[in-house]
Amino acid sequence: MALTALDLGLRGAVVGLFLVVCAVLLLRYTTVHRAASLGAAMGVAGAAYAISTAPFFPTWSFGWSTPFVALGMSCPVILWLWARMLFDEQFVLRPRHAAIWVLMAGLGVVACNGWTSWPGLAATCGRVLASASIAFAVLALAQSAKGWRKAMTIARGRLLVALLIGISSQTVLSASAGLAGIPNRSTSLTAACALGAFAVISIWMMLFIPPESQPVVAGANDDGGRASGSLVRANPSAPDRAALRRLEHLMTTERTYRREGLTIGLLAARLGMPEYRLRTLINDGLGHRNFNAFLNRYRIDEAKAALADLGQADVPVLTIALDAGFQSLAPFNRAFKADTGLTPTEFRRRAAAGKRSRDVEAEIAHSS
């Protein structure tokens with residue numbers, strides 16, 4: 001009884017943690033990453049699975065328990081769709097995916113709640129459900145294998161890969177136990193511990209790992225100062241070239257770098273691609289040290305043009321910095337001096353002096 005009480009208590013905590021995951025994803029990440037909604041669906045399914053597989057949960061007949069069973073047993077389908085959304089930028093949800101989810105949920109309901117009415121059908125649906133769960137978990141792992149190398153370049157990507165592998169492995173083990181006829185009660189506490197680990201990892205990743213953890217200001221002589229738009233990697237693929245063109249349009253034509261609070265996640269969502277792939281394009285394709293160095297390249301170039309414009313000689317430096325996308329004067333001054341070796345005021349003074357000198361030389365040349 002002590003183990004059962006521990007199991008039930010742990011599952012209660014797991015349900016609460018998964019609901020926190022859902023809330024954070026829906027409130028904070030739906031505008032940042034296109035897979036956030038499916039991640040929230042994974043949280044709901046995980047909570048339902050924790051409830052529907054708990055000891056003493058009434059799964060022997062249809063009733064109020066049926067929605068929990070439907071959500072919990074369809075978790076492998078959501079896992080597969082979530083993996084596809086994470087690692088395949090061309091993937092979009094279709095009506096057929098909803099149909100697959102409904103079919104899987106139906107199998108789960110009949111397999112778990114149909115023993116009283118149709119024991120033979122319930123046994124058959126249980127075997128089909130377990131086999132399908134293994135298949136979807138394997139498909140999710142196969143999807144992650146296509147993009148794990150790029151994902152492993154950032155802390156959040158590494159945790160996502162670990163989370164996907166862990167959930168898929170747990171799904172395979174649970175389904176295999178079902179096919180082998182191993183009673184649920186013998187693996188219940190282990191499953192509850194695994195669910196708790198998944199929930200904790202998810203919350204840690206969302207709350208304590210920032211989208212961009214590198215320094216705000218790149219050094220004057222590092223890769224962050226590379227000219228924007230210049231390709232570093234030789235022979236980029238056709239999708240990469242197309243993505244770089246879209247990125248250049250956003251930055252040079254729409255001047256997205258001016259947007260307050262712009263993160264790599266928001267920019268990736270705007271481009272319709274995973275965050276890790278945009279990071280790879282910025283680092284490998286354009287040669288910038290990090291995302292902030294990439295943004296500062298555009299912002300500083302705009303500030304230089306404004307400071308060198310005699311028509312804007314009366315515009316305060318702070319106004320120019322804010323217009324270019326910087327949040328305050330101090331980081332702008334640091335970034336500007338790191339790039340030019342001059343403060344913005346010194347740069348403006350030298351630019352004005354140079355312009356007057358050129359005007360004088362032109363006037364002398366014209367009069368002679």
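None of these values were measured; they are calculated from a predicted model.
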Report yes or no: does [X] contribute a side-chain atom to a donor-acceptor pair with the main-chain N or O of [Y] at less than 3.5 Å?
{"X": "Q170", "Y": "I167", "answer": "no"}
{"X": "S74", "Y": "L71", "answer": "yes"}
{"X": "T256", "Y": "L250", "answer": "yes"}

Q: If a pair satisfies side-chain hydrogen bond (donor to acceptor under 3.5 Å, both in side chains) and one of its residues is in residues 41-58, list it, with sequence neighbours excluded.
A: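 Every pair satisfying side-chain hydrogen bond (donor to acceptor under 3.5 Å, both in side chains) with a residue in residues 41-58: R11-T53.
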
> Hey, are E302 and R258 close enough for a salt bridge, meaning a charged N less than 4.0 Å from a carboxylate O?
Replying inline: yes

key: Atom CG of L318: over 12 foreign heavy atoms under 6.0 Å   =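 Yes.
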
(message) Given the ring of F326, does R299 sit roughly above its face, with NZ or CZ under 6.0 Å from the centre of the six-membered ring and within 45° of the axis?
(response) yes

Show, in sequence, the C-alpha distance, side-chain angles and deciding distance for R270 and E254, and conclude whether the salt bridge (Lys or Arg N to Asp or Glu O under 4.0 Å) test is met. CA-CA 12 Å; R270 182 80 181 272; E254 299 187 22; 2.4 Å; yes

Problem set entry | Mutual orientation of the aromatic rings belonging to W80 and F136 [parallel < 30°, tilted 30-60°, perpendicular > 60°] | tilted

(Q) Can you tell me how the ring of F336 sits relative to the ring of F332, calling it parallel under 30°, perpendicular over 60° and tilted otherwise? (A)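 It falls in the tilted class, 30° to 60°.
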
Closest non-hydrogen atoms of G39 and L25, given as atom of the first, atom of the second and distance, are C-CD1, 3.3 Å

task = Would you check if the distance from the ring center of F198 to the ring center of W204 is below 6.0 Å?
result = no

inquiry  = Considering only residues two or more places apart or on different chains, which pairs with a residue in residues 312-333 satisfy salt bridge (charged side-chain N to carboxylate O under 4.0 Å, His left out)?
reply    =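 Passing the test, one end in residues 312-333: no pairs.
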
- prompt: Can you get from L307 to L310 by hopping between Ile, Leu, Val, Met, Phe, Trp and Tyr side chains that sit under 4.5 Å apart?
  reply: no

Notebook entry, point to check: Given the rule that I, L, V, M, F, W and Y join up when any side-chain heavy atoms are under 4.5 Å apart, are L266 and L281 in one cluster?
Noted result: yes

